[in-house]
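Written below as structure tokens is the structure these notes are about.
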Amino acid sequence: MMNRSTQELLTTVAKELSSECSLCGLFHEHRDGDSLPSQPELAEIMDLCRSILFPGFYGKSNVNNQNLVFHIGVAVEHLYTLLCNQIQAGLCFATGWSEVEDYGNTYATAQDLRRVKAEGLASAFLQRLPALRQTLATDVEAAYLGDPAAESYGEVISCYPVIKAVTNYRVAHELLTLGVPLIPRIITEMAHSETGIDIHPAATIGHHFTIDHGTGVVIGATCIIGNHVKLYQGVTLGAKSFPLDEKGNPIKGIPRHPILEDNVIVYSNATILGRITIGHDAVIGGNIWVTEDVEAGEKILQNKYHK
């Protein structure tokens with residue numbers, strides 16, 4: 001049994017940790033019926049997405065042409081349910097949902113409106129899955145053709161970290177463009193933890209994209225990457241500096257990351273910073289620091305300049 005002084009200490013510590021000044025934006029107030037996004041459920045969502053996008057390689061191993069429609073149908077239905085729940089949880093972090101609103105002549109609680117919104121967003125995402133698979137097919141092709149060690153598409157899909165990371169990115173990017181808050185960033189950070197490849201969901205990446213090996217690659221939020229682009233391990237596509245507002249805080253939402261046009265290759269440990277353009281068919285050598293535009297077709301190598 002605790003003595004009185006220990007009880008007083010615990011009470012004091014609890015009050016200090018509960019004070020508004022101590023929390024300072026670190027507290028998310030739970031409301032009845034609202035839940036935080038669940039990382040285990042988001043991991044299940046990505047497992048379902050992979051089983052739908054790459055049937056037979058992920059999910060049920062007994063998939064064949066006779067039962068494919070059934071298996072995908074079951075997965076899509078389960079994916080829709082999970083997505084609705086997780087998007088609804090994510091919408092708690094969006095603005096404009098904290099008060100009762102008028103929705104189509106029917107007064108509803110903010111929770112009801114979030115549910116309606118989540119169902120619409122989940123439906124819209126599912127409609128994008130066929131096009132998303134087509135784009136991922138080009139990424140698999142790029143990884144296979146870009147690596148002499150790859151013996152089959154199946155090996156690329158099953159083993160290559162770029163496919164896991166890019167699948168998470170492309171799913172997250174679609175959710176982000178639909179207006180889903182928070183959830184896309186969690187999904188890409190899950191891939192970051194698993195593969196060491198850090199792709200912000202707001203980045204724009206074209207088709208036939210691949211990363212060889214992958215560990216340590218960073219792609220910033222405002223990056224624009226064209227088609228048939230290849231990166232190697234350790235590449236950073238980052239920001240050179242952060243313009244500050246009158247209070248000295250970084251100004252958010254401005255383009256600050258590189259643009260890589262079509263057919264660019266960036267070799268290992270190159271660092272490309274700022275809102276610069278790497279022209280189409282350019283090659284950036286390894287261990288290079290680039291902060292200025294590179295013209296189309298140029299090769300930038302250590303201590304050398306080649307056309």
Please examine the side chains of [Y] and [X], heavy atoms only from C-beta on, and report whether any two atoms are closer than 4.5 Å.
X: Tyr58; Y: Asp47; answer: no
X: Ile219; Y: Phe209; answer: yes
X: Thr167; Y: Phe54; answer: yes
X: Tyr160; Y: Asp147; answer: yes
X: His200; Y: Thr188; answer: no
X: Leu79; Y: Leu129; answer: yes
X: Asp198; Y: Glu189; answer: yes
X: Ile87; Y: Leu178; answer: no

Nearest 0.5 Å, what's the [atom1]-[atom2] distance between [X] and [Y]?
X: Ile183; Y: Leu176; atom1: CD1; atom2: CG; result: 11.5 Å
X: Ile272; Y: Ile278; atom1: CD1; atom2: CD1; result: 4.5 Å
X: Leu10; Y: Ser5; atom1: CG; atom2: OG; result: 9.5 Å
X: Gln86; Y: Leu175; atom1: CD; atom2: CG; result: 11.0 Å
X: Gln302; Y: Asn287; atom1: CD; atom2: CG; result: 5.5 Å
X: Asn3; Y: Thr6; atom1: CG; atom2: OG1; result: 3.5 Å

I'd like to know if the side chain of [X] reaches the main chain of [Y], judged simply by a donor and an acceptor atom lying under 3.5 Å from each other, with no hydrogens or angles considered.
X: Tyr153; Y: Ala137; answer: no
X: Tyr169; Y: Ala203; answer: yes
X: Lys164; Y: Thr195; answer: no
X: Gln233; Y: Gly216; answer: no
X: His213; Y: Tyr232; answer: no
X: Asn227; Y: Asp262; answer: no
X: Arg133; Y: Ile52; answer: yes
X: Asn67; Y: Asn64; answer: yes
X: His208; Y: His228; answer: no
X: Thr236; Y: Gly238; answer: no

State, to 0.1 Å, how close [X] and [Y] come at their nearest heavy-atom pair, and which atoms those are.
X: His78; Y: Leu48; result: CD2-CD1, 3.6 Å
X: Met46; Y: Asn168; result: CE-OD1, 3.2 Å
X: Val264; Y: Gly279; result: CG2-O, 3.3 Å
X: Val235; Y: Ser268; result: CG2-CA, 4.5 Å
X: Gly285; Y: Tyr267; result: C-CB, 3.8 Å
X: Cys223; Y: His257; result: SG-CB, 3.5 Å

Salt-bridge contact Arg115-Glu119 (side-chain N to carboxylate O under 4.0 Å):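 So Arg115 pairs with Glu119 through a salt bridge.
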Gln134-His207 side chain donor-acceptor pair, cut-off 3.5 Å: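 No.
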Is there a path of hydrophobic side-chain contacts, each under 4.5 Å between heavy atoms, that joins [X] and [Y]?
X: Leu145; Y: Val283; answer: no
X: Val74; Y: Leu82; answer: no
X: Ile284; Y: Ile276; answer: yes
X: Leu126; Y: Ile72; answer: yes
X: Val229; Y: Val218; answer: no

Derivation of the salt bridge (charged side-chain N to carboxylate O under 4.0 Å, His left out) call for Glu174 and Arg170: CA-CA 6 Å; Glu174 293 301 330; Arg170 294 205 184 277; over 6 Å; no
Neighbour count above 12 (heavy atom, 6.0 Å) for Glu155 CD: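 Atom CD in Glu155 is packed in, count exceeds 12.
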Residues Leu231, Leu260; criterion side chain to side chain contact (heavy atoms under 4.5 Å, CB included); working and verdict: CA-CA 11 Å; Leu231 310 180; Leu260 275 59; 4.0 Å; yes
Residue list, side chain to side chain contact (heavy atoms under 4.5 Å, CB included) with Ile259, at least two apart or on another chain: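 Per chain and number, Ile259 pairs via side chain to side chain contact (heavy atoms under 4.5 Å, CB included) with Ile224, Arg275, Thr277.
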Val180: which of Leu121, Leu83, Leu91 passes side-chain contact (heavy atoms from CB on, under 4.5 Å):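 Among Leu121, Leu83, Leu91, the one meeting side-chain contact (heavy atoms from CB on, under 4.5 Å) with Val180 is Leu121.
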Those residues that, when tested against Tyr80, pass ring pair (Phe, Tyr, Trp, His ring centres under 6.0 Å) (two or more places apart):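 Counting only residues at least two positions away or on another chain, Tyr80 forms no ring pair (Phe, Tyr, Trp, His ring centres under 6.0 Å).
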